Amino acid sequence: MLRDNDASQHLFQVASGLDSLVLGEGQILAQVKQVHKVGQGVLGFERNIGGLFKHAITAGKRVRSETNIAAGAVSVSSAAVELAIMKLPKDGIFFAKMLVIGAGKMGKLVIRHLIAKGCKRIVVVNRSEERVSLLQQELTGAELIYKPLTEMLNSAAEADVVFTSTASETPLFLKEHAEVLPPVSAKMGGIRLFIDIAVPRNVAVCVSEVNSSRVYNVDDLKEVVDANKEDRQKKALEAQVIIDEELRLFEAWRDSLETVPTIKKLRAYAERIRIAELEKCLSKMGDDVSKKNRKLVDDLSRGIVNKLLHGPMQHLRCDGSDSRTLSETLENMHALERMFSLESDIFVLEQKIRAKIEQAQK
């Protein structure tokens, strides 16, 4: 079990996508946000925990925007879709006729990535219609059109891009099949893309011998995935620098909370004096003072007190990134105790601040 700073570091890394199965996974940050949202008002999810989650979410956002760690496909299914986007004309993903053959785990992931990229209509060839219907209920961002296996070739004839991911032990497409397919429109580049992510292969390599067809298989995609994974590892080092910065900011904010009791007592002390002096002033002014004038005097007294307290309050803020500031905070606490006779457990705070000074000096 992780505790204290180790636990904070872990949450920051999770929110930033550094501790997920897929480095830079964006869904993790959304889940951390949901936990923070659900935790509001729950017993135990107090100010410290809420602040921890807020700072972790900020770290996650910075990592994603400043390092672009989520860019580049790191799974075969996402790489297949990115490859299709690369090979199609600009914005072709929005207009190309997509065909996915096989609605199993890999096919589902391909469909999910296609929808995420903006594809609105996908033809799905599968053995059972029920599976496609279930996918349609789950993936609502696009229209899924079911076709049985018997219509596979006809569906391929109408498609610009064909993704294959079935468990067939023999190829579904041979050279002779590709030769009889009508050409793809010039608008879509004139080349039909076969992106085969099945093992064993669903599309024979010889299909590429047909001028109007190109075949990409798992081996082609793995090169893209491996390159992207290496790039994400480099970005993870950049992300850790951001995480360390945000952790220091969180620790400074958390440490500043330790002075809250003293701040409250100082404010209460000043408020007691303000009210006492205000009542003396109003009593001397007599009963015929209008409400408007009473409010003006009250506002004046509040303004004076707030301006007088501003300086001392600023010097009670504890910044965990600067040992000099920590020492000054401790000295200021002692000075306020002596000057205003504030009764608070200064010893406990002193021990915490001294620990922070020693840690910062190391």
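Reckoned from all heavy atoms, side chains included, excluding hydrogens, waters and symmetry mates. Please read these numbers as outputs of a predicted model, since none were measured by experiment.
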Whether the side chain of [X] engages the backbone of [Y] through a donor-acceptor N/O pair (distance < 3.5 Å, no angle test) should be reported.
X	Y	answer
S283	K280	yes
E66	A239	no
N306	G303	no
H10	D6	no

Minimum side-chain heavy-atom gap [X]-[Y] below 4.5 Å:
X	Y	value
S8	L247	yes
V38	K33	no
V100	L114	yes
S165	V110	no
T164	I195	no
I122	I115	yes
L52	L11	yes
R201	V205	yes

message: Given C119, which partner from the list M98, K97, H113 fulfils the side-chain contact (heavy atoms from CB on, under 4.5 Å) test?
response: M98
Between atom [atom1] of [X] and atom [atom2] of [Y], what is the distance when rounded to the nearest 0.5 Å?
X	Y	atom1	atom2	result
K87	I93	NZ	CD1	14.5 Å
S185	R192	OG	CZ	10.0 Å
L88	M188	CG	CE	6.5 Å
Q136	I111	CD	CD1	9.5 Å
L282	N293	CG	CG	10.0 Å
I242	T58	CD1	OG1	12.0 Å

Please say whether more than 12 non-hydrogen atoms of neighbouring residues, nucleotides or ligands are located less than 6.0 Å from [atom1] in [X].
X	atom1	result
E169	CD	no
E179	CD	yes
R294	CZ	yes

task: Walk me through it: do D298 and R302 pass the test salt bridge (Lys or Arg N to Asp or Glu O under 4.0 Å)?
output: CA-CA 6 Å; D298 184 72; R302 289 180 189 276; 2.9 Å; yes
- request: May I ask you to check if K187 and F95 form a cation-pi contact, with NZ or CZ under 6.0 angstrom from the six-membered ring centre and within 45° of the axis?
  value: yes
Are [X] and [Y] connected, step by step, through hydrophobic side chains (Ile, Leu, Val, Met, Phe, Trp, Tyr) whose heavy atoms are closer than 4.5 Å?
X	Y	result
L278	I273	no
V14	I49	yes
M285	L300	no
F94	F163	yes
L308	V305	no

- prompt: side-chain contact (heavy atoms from CB on, under 4.5 Å) between E82 and S78: does it pass, once the steps are laid out?
  reply: CA-CA 6 Å; E82 286 201 9; S78 59; 5.5 Å; no
task: In sequence, state the C-alpha distance, the side-chain angles, and the governing distance for E246 and R62, and then conclude on salt bridge (Lys or Arg N to Asp or Glu O under 4.0 Å).
output: CA-CA 9 Å; E246 291 297 329; R62 281 192 61 195; 2.9 Å; yes
- request: Quick one: name the residues clustered hydrophobically with V162, using the 4.5 Å side-chain heavy-atom rule over I, L, V, M, F, W, Y, and just say none if it's on its own.
  value: L99, I101, V123, V125, I145, L149, M152, L153, L172, F173, L181, F194, V203, V207, V215
Co-members of the apolar cluster containing M86 [side chain, <4.5 Å]: none
- request: Would you check, one step at a time, whether the test side-chain contact (heavy atoms from CB on, under 4.5 Å) holds for D196 with Y216?
  value: CA-CA 6 Å; D196 183 10; Y216 301 93; over 6 Å; no
Can a side-chain donor-acceptor contact be found between [Y] and [X] if the only test is distance below 3.5 angstrom?
X	Y	answer
E245	Q240	no
T166	N202	yes
S208	R214	no

field: salt bridge (Lys or Arg N to Asp or Glu O under 4.0 Å) between K235 and E238, intermediate numbers included
entry: CA-CA 5 Å; K235 289 175 179 176; E238 300 174 23; over 6 Å; no
- prompt: Going through the distances and angles, do L174 and H177 end up as a side-chain contact (heavy atoms from CB on, under 4.5 Å)?
  reply: CA-CA 5 Å; L174 300 172; H177 296 135; 3.8 Å; yes
Taking every non-hydrogen atom, the tightest pair across [X] and [Y]:
X	Y	value
A142	R121	CB-N, 4.2 Å
K108	L135	CG-CD2, 3.5 Å
V124	A103	CG1-CB, 4.0 Å
I197	A80	CG2-CB, 3.8 Å
L309	A270	CD1-CB, 3.9 Å
G189	P89	N-CG, 3.9 Å

query: Between F250 and F12, how do the two ring planes meet: parallel, tilted or perpendicular, split at 30° and 60°?
result: tilted
- request: Report the C-alpha separation of D244 and V241 in whole Å, then their side-chain angles, then the decisive distance to 0.1 Å, and conclude whether the side-chain contact (heavy atoms from CB on, under 4.5 Å) test is met.
  value: CA-CA 5 Å; D244 291 341; V241 174; 5.6 Å; no
